[in-house]
Amino acid sequence: MSQVQQITVLGATGSIGLSTLDVIARHPSRYQAFALSAFTRLAELEALCVIHRPRFAVVADAKAASELQARLQHAGLATRVLSGEAGLCEVAAHAEVDAVMAAIVGAAGLKPTLAAVEAGKKVLLANKEALVMSGALFMRAVRQSGAVLLPIDSEHNAIFQCLPQDYARGLQPVGVRRILLTASGGPFREASPESLHAVTPEQACAHPNWSMGRKISVDSASMMNKGLELIEACWLFDARPEQVEVLIHPQSVIHSLVDYVDGSVLAQLGNPDMRTPIAHALAWPQRIDSGVAPLDLLAVARLDFQAPDDIRFPCLRLAREAAEAGGSAPAMLNAANEVAVAAFLERRIRFTDIARIIGGVLEAEPAVAVNCLDAVLEADRRARELAGQWLNRGEVA
Ligand code: NAD
Ligand code: MG
């Protein structure tokens, strides 16, 4: 590994991508941005290239690539611009890369994240959807390549920090009774069930504690985010779904807890700022400054806890059922959710239709075993097709 670590940031223009670049910029003697990717925000990516001077930039297609290449050349930069999924996989697996921040949102991140894993990189996983879709396959690839997988999701990063240092997968051998996965409850934690059908995308995206991309913000409002995180935790920590308990904690100060058989409960606390888990994973096993303000417990004053409400938030139940069914079910849950959330953001369906569509898709197609990437992608495709049919029939309007 070279002195200055070369970091690929997939999804550099997003919320996690920008926070990652903020931490990288605080430690120029440790980290250098090697490659940055964006999907639509070309001007933002250009500005990031001017600041961070990466070796590569990756955009959606060849036309956008030649446009950005010309602009970067004009600005006197030597950055080479690649495009499409092949370009993303190339910069994820490049021989000179030390670590890859996987921060593309949704299933689009699966192949580039897997490319980083298969190349044995240090993989900082924000893109939970990739792991949810392909769990068994993904974790097998981690074991085979020797990749170092570090969770960025604040809850999973907290759990990772609360597990013993010599933790080598599996909860029982290290005396863990259960994982307590905390959830803020999102913007509709106290809304009446009857009012949820009328909420707008703007209300759903106005998270009380975290500033995030639009898709994960809607997932937080529906609690599908916690459902995806439950599945994520099962794969990351080799847990069964019943070993992961969801706990509503509105202050988002405790990021999750681990309950041991001797009665000890370890928690990780901090201000709700993703730069903490990002800095933790970048420097692991060392610690570096993240730019996050110290936690002021006197200002926080109190920590509250509640049980989640499965009636108001059916997505959590649907995710737990998909985790228990296994096979293709989590990939179908994820794909149906992506289609439904996009339709909600486009104001084509109501907030409460999101869970109805996902439930309908999972009911229509029983889970089957998935042993290869093609089977995962087929489950994803099929769920999108079924969810699309629901939308087109207008059954959910
Ligand atoms: P975001 O919408 O802000 O950014 C998404 C990034 O992915 C952008 O750079 C965008 O250009 C890129 N992208 C989108 N569609 C793409 C496609 N089809 N092909 C290639 N690139 C594409 O999202 P975010 O909030 O930064 O979340 C990123 C990931 O991190 C998600 O999986 C999310 O669940 C996870 N995560 C985010 C947070 C958070 O605080 N934002 C916390 C935990 C986990
Ligand atoms: Mg999270």
Side-chain angles (χ1 to χ4, degrees), residues 8-22 35-45 48 57-61 64-65 68 82-89 91-92 101-113 115 123-133 150-160 181-186 205 207 209-220 222-233 236 246 249 252 254-256 268 270-278 281 292 334 337-338 341-342 345 380 384:
T8 282
V9 184
L10 302 174
T13 50
S15 163
I16 293 287
L18 293 173
S19 292
T20 304
L21 289 170
D22 181 280
L36 303 179
S37 91
F39 195 53
T40 48
R41 301 185 194 153
L42 274 202
E44 278 97 327
L45 182 60
L48 292 175
V58 188
V59 294
D61 54 46
L68 181 64
L82 309 176
S83 67
E85 201 166 63
L88 293 171
C89 292
V91 297
M101 167 56 78
I104 289 174
V105 59
L110 176 61
K111 281 196 186 167
T113 306
V123 179
L124 316 184
L125 184 71
N127 180 205
K128 66 192 88 186
E129 296 92 344
L131 183 58
V132 166
M133 289 172 74
L150 294 165
I152 294 298
D153 222 334
S154 55
E155 297 78 3
H156 305 73
N157 186 271
I159 295 160
F160 180 82
L181 190 66
T182 54
S184 69
C205 288
H207 196 281
N209 306 340
W210 298 93
S211 151
M212 310 182 285
R214 278 161 69 79
K215 191 261 180 184
I216 184 177
S217 295
V218 176
D219 285 349
S220 297
S222 70
M223 291 211 57
M224 179 53 91
N225 184 48
K226 215 45 57 180
L228 297 175
E229 290 185 358
L230 185 155
I231 301 172
E232 183 184 14
L236 284 173
V246 174
H249 164 48
S252 298
I254 297 181
H255 297 305
S256 277
Q268 186 258 0
N271 287 317
D273 186 323
M274 290 305 291
R275 290 176 302 174
T276 293
I278 290 168
V292 176
N334 177 66
N337 182 54
E338 285 190 28
V341 170
L345 285 171
D380 176 87
R384 285 173 200 273

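We're numbering straight along the sequence, starting at 1. Ligands are counted one by one from 1 in listed order, and the atoms in each one are counted from 1 as well.
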Grab the two heavy atoms, one from Met101 and one from Ile16, that are nearest each other, plus how far apart they are.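 Distance-wise, the nearest heavy atoms are SD-CG2, 3.9 Å.
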
Residue Gly11 vicinity, atoms of ligand 1 by number, heavy atom under 4.0 Å: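 Those of ligand 1 that fall under 4.0 Å from Gly11 are 6 (C), 7 (O), 9 (O).
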
Could you tell me, atom by atom, which parts of ligand 1 come under 4.0 Å of a heavy atom of Ala108? 17 (C), 18 (N), 19 (N)

Could you identify the single nearest non-hydrogen protein atom to [atom] and state the distance to 0.1 Å?
| atom | value |
| --- | --- |
| atom 35 (C) of ligand 1 | Ala126 O, 3.0 Å |
| atom 34 (O) of ligand 1 | Lys128 CE, 3.2 Å |
| atom 23 (O) of ligand 1 | Gly213 CA, 3.9 Å |
| atom 13 (N) of ligand 1 | Phe39 CB, 3.7 Å |
| atom 4 (O) of ligand 1 | Gly14 CA, 3.1 Å |
| atom 28 (C) of ligand 1 | Ala103 O, 3.4 Å |
| atom 27 (O) of ligand 1 | Ile16 CG1, 4.2 Å |
| atom 3 (O) of ligand 1 | Ser15 N, 2.9 Å |

Given Ile104, Val9, Ile152, identify the one with the heavy atom nearest to atom 29 (C) of ligand 1. Ile104

Do any N/O atoms on [X] end up under 3.5 angstrom from N/O atoms on ligand 1?
| X | value |
| --- | --- |
| Asp153 | no |
| Ala38 | no |
| Arg214 | no |

Starting from the C-alpha separation in whole Å, work towards a yes-or-no answer on side-chain contact (heavy atoms from CB on, under 4.5 Å) for Met133 and Asp380. CA-CA 8 Å; Met133 289 172 74; Asp380 176 87; 3.6 Å; yes

Is Ile216 touching ligand 1 with its side chain, its backbone, both, or neither, if touching means heavy atoms under 4.0 Å apart? side chain

For ligand 1, indicate whether the residue Lys215 contacts it via side chain, backbone, both or neither (heavy-atom separation under 4.0 Å). neither

Taking the side chain as every heavy atom from C-beta outward, state whether [X] and [Y] have any pair of such atoms under 4.5 Å apart.
| X | Y | answer |
| --- | --- | --- |
| Pro151 | Ile159 | no |
| Ile216 | Lys128 | yes |
| Ser37 | Val9 | no |
| Ile231 | Asn334 | no |
| Leu124 | Ile278 | no |
| Leu36 | Leu45 | yes |
| Val91 | Leu10 | yes |

Taking just the N, O or S atoms of [X], which one is nearest to the Mg ion (ligand 2)?
| X | result |
| --- | --- |
| Glu155 | OE1 |
| Asp153 | OD1 |
| Glu229 | OE2 |

Consider ligand 1: state whether an atom of it lies below 4.0 angstrom from any non-hydrogen atom of Met274.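 The answer is yes: ligand 1 sits under 4.0 Å from a heavy atom of Met274.
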
If the contact criterion is a heavy-atom separation under 4.0 Å, does Ala12 count as touching ligand 1? yes

SB check Lys215 Glu129 (cutoff 4.0 Å): yes

Evaluate the side-chain hydrogen bond (donor to acceptor under 3.5 Å, both in side chains) criterion for residues Ser184 and His207: first the C-alpha distance (whole Å), next the side-chain angles of each, then the deciding distance (0.1 Å), finally the verdict. CA-CA 9 Å; Ser184 69; His207 196 281; 3.1 Å; yes

Whether the Ser256 and His156 side chains hold a donor-acceptor pair (N or O, under 3.5 Å, no angle test) is what I'd like checked. no

Residues Met274, Trp210; criterion side-chain contact (heavy atoms from CB on, under 4.5 Å); working and verdict: CA-CA 9 Å; Met274 290 305 291; Trp210 298 93; 3.5 Å; yes

